[in-house]
Amino acid sequence: SSSTAQIESADALPSNSLASEPALANTLEDDPTQNVQSVETDSSSEILNSTPADSDAAPPPPEQVLVAPAEADVTRPPESEAVPPPEPIVPVSLTPPEVELSVDSIQFPNAVEQLRRPEGDTNETPLSYREQRYQPNFNTFLRRVTSNNLFQATNGDATHFYSKRQPWNKDQTLLDIGDKLINPVSLEIVVNALPISSERNWSNTNKGLMYGIRSNTDVNALAVFDVYNDTYEIIYSFAGHRDCSLGNSEGNLSNDDRYVVVACTYIDSNSVRLISFDLEQKKVLAVLDARPNFNWASISQFGEYIVVENNLFPDNNPQLIGYDKYFNSRRVLSNNPAHGDFGIDDNGEEVFAMIDEHQIRYIRLNDGIEFVLSVSNSDSFFGFGHLSCRNLLRPGWCYFSSTFSSWVGAVKITQQERKIEHWGYHRSTSNEYISQPHAVPNRTGSQLLFTSDWYGREEINDYILSAPE
């Protein structure tokens, strides 16, 4: 039922992940609003434009040229006795070959027009750690993948981070759960600790890289960590700032790993700044002063748009606001934001999709038009929940987990047809935030990872629903 054709052994990875090879690339000056594209500064949300300069980032240090010492006079042996020079030492990466991914062989659950009625506790025997059970009503497999005891975790900590965060690496051979990396087939823990913060992002283009914030005095260093070679590099330090994160813990990289939004607290004013950053150029593109009710910010999948949610529940003035990647072209997308994620509709357009009590809706980012999916009606009691579109290799779909109806599945982001897949039930009471399912698919959309307390009868653990292949 796994989506991978082969899995590397645990021997391919280091036993720990504390690296010691930082390379300071650039720093953000104390006032990063200088020489950037735009800033939002007043209550009217007026955007002030300026031309970005090439000097946003500090220049790299001059290249050091190593000069070999003069060769001493030596008596050379006859040519027949000369010792051949040693073979040059060629650096070899420890990264194993990448597994090719495809969605062609996946047997996704049949699309339905109406979800099965929510089920309550049927006194079904809970799954033990690593146990798998076939669900004939949905043609999916359910497996428990964590254990508090094995992870040496308190209840609720042996779980994935969030529905917006992709826990599988690029070729789905590693899984980030409970601040550890595990083999998603054997479930063996292969890396016990990670040197970057919990809101880290897997690279979408390199199976061994993770991006995030490297802890330092002010927690302001954007870094990349190589999990196979056990090294990390500081990409950029946001000087004069502290408590940085990727979009306030809900940010993602663009699909090509080029753009990201970093949220930092400016030390002088104790206010939050949103920084649009170009990872390829190691350069700040633009800075936006966040509102007092700022919740999260992120770049879209194709890197064309930034969405900011200002909404601290309960909030009298919640807003979902869209920009281009320079914080220009401001547009209010919604005055009623809900849990959601960036996705792609069936026409290849970038959208932000959300789940409410009775509906799933999405906003097209190029024009701000909102659409309500036809699967949404008063009979479809989703009961709120979370939506995830991290299935980058299966665009046009998003995956949902309903908090109160126990439904988990996928829905097609289209206005052309009514198409929804019911994968099964998450079996969680959702009595606590840490027990809410927060379901997230893998990159091919063949597996769905979620959290459950099994109707309150078990410890809080992670489970995976898999479609046959």
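Here the structure is a predicted model, which is why all the values come from computation and not from measurement. The figures that follow rest on heavy atoms only: side chains count, while hydrogens, waters and symmetry mates do not. Residue numbers run from 1 in the order of the sequence given.
Between Arg390 and Asp341 there is a salt bridge, with a side-chain nitrogen of the basic residue lying less than 4.0 Å from a carboxylate oxygen of the acidic one. One finds no salt bridge joining Glu350 and Lys325 here, because no Lys/Arg side-chain nitrogen approaches an Asp/Glu carboxylate oxygen to under 4.0 Å. With respect to Glu309 and Lys164, no salt bridge is recorded, no charged nitrogen being found less than 4.0 Å from a carboxylate O. Using a 4.0 Å cut-off between charged nitrogen and carboxylate oxygen, Asp179 and Arg200 count as a salt-bridge pair. Residues Arg165 and Asp176 are not paired through a salt bridge, judged by the lack of any N-O separation under 4.0 Å between the basic side chain and the carboxylate. For the pair Arg364 and Asp345, the salt-bridge criterion is not met [side-chain N within less than 4.0 Å of a carboxylate O].
Side-chain contact annotation: Asn149 with Ser147, donor-acceptor N/O pair under 3.5 Å absent. A donor atom on one side chain and an acceptor atom on the other are found under 3.5 Å apart for Asn148 and Asn155.
Not one N or O on the side chain of Asn293 forms a donor-acceptor pair closer than 3.5 Å with the backbone of Leu312. Without hydrogens or angle criteria, Thr146 side chain to Asp462 main chain gives a donor-acceptor distance under 3.5 Å.
A tilted orientation is assigned to the rings of Tyr236 and Phe238, their planes being inclined by 30° to 60°.
Ring pair Tyr433/His438: centre-to-centre distance below 6.0 Å. Aromatic rings from Trp423 and Tyr399 are positioned such that their centres are separated by under 6.0 Å.
At most 12 heavy atoms of other shown residues, nucleotides or ligands fall within 6.0 angstrom of atom CD in Gln152. Heavy-atom contacts from other residues, nucleotides or ligands closer than 6.0 Å to CG of Asn317 number more than 12.
Checked against Phe342 for a side-chain contact (heavy atoms from CB on, under 4.5 Å), the options Tyr305, Tyr362, Phe352 give a single hit: Phe352. Of the residues Ile464, Asn442, Leu465, the one that meets the side-chain contact (heavy atoms from CB on, under 4.5 Å) test with Leu449 is Ile464.
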Derivation of the side-chain contact (heavy atoms from CB on, under 4.5 Å) call for Phe225 and Leu194: CA-CA 9 Å; Phe225 173 57; Leu194 295 165; 3.8 Å; yes
Run the numbers on Val260 and Tyr211 for side-chain contact (heavy atoms from CB on, under 4.5 Å), then give the verdict. CA-CA 10 Å; Val260 69; Tyr211 291 86; over 6 Å; no
Check the pair Tyr259 / Ile306 against side-chain contact (heavy atoms from CB on, under 4.5 Å), numbers first and verdict last. CA-CA 10 Å; Tyr259 301 110; Ile306 291 173; over 6 Å; no
Go through it in stages, so that I can follow the logic: the residues are Asp171 and Asn169, the test is side chain to side chain donor-acceptor pair (under 3.5 Å), and I'd like the CA-CA distance, side-chain angles, deciding distance and then a yes or no. CA-CA 6 Å; Asp171 69 352; Asn169 70 334; 3.3 Å; yes
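Atoms OG and CG, on Ser298 and Asn248 in that order, are 11.5 Å from each other to the nearest 0.5 Å. Trp202 contributes atom CH2, which lies 12.5 Å from atom CG of Leu253 (distance to the nearest 0.5 angstrom). Here the CG-NE2 distance, from Asp356 to His339, works out to 10.5 Å after rounding to the nearest 0.5 Å.
Across Trp168 and Pro441, no two heavy atoms sit closer than the pair CZ3-C, 3.8 Å.
At a threshold of 4.5 Å between non-hydrogen side-chain atoms, the residues Ile177 and Phe151 count as touching. Using a 4.5 Å heavy-atom cutoff, the side chains of Tyr228 and Lys207 are in contact. Glu458 places a side-chain heavy atom less than 4.5 Å from the side chain of Arg144.
Within the structure, disulfide bond (SG atoms under 2.5 Å apart) contacts touching residues 245-322 (residues at least two apart or in different chains) are Cys244-Cys264.
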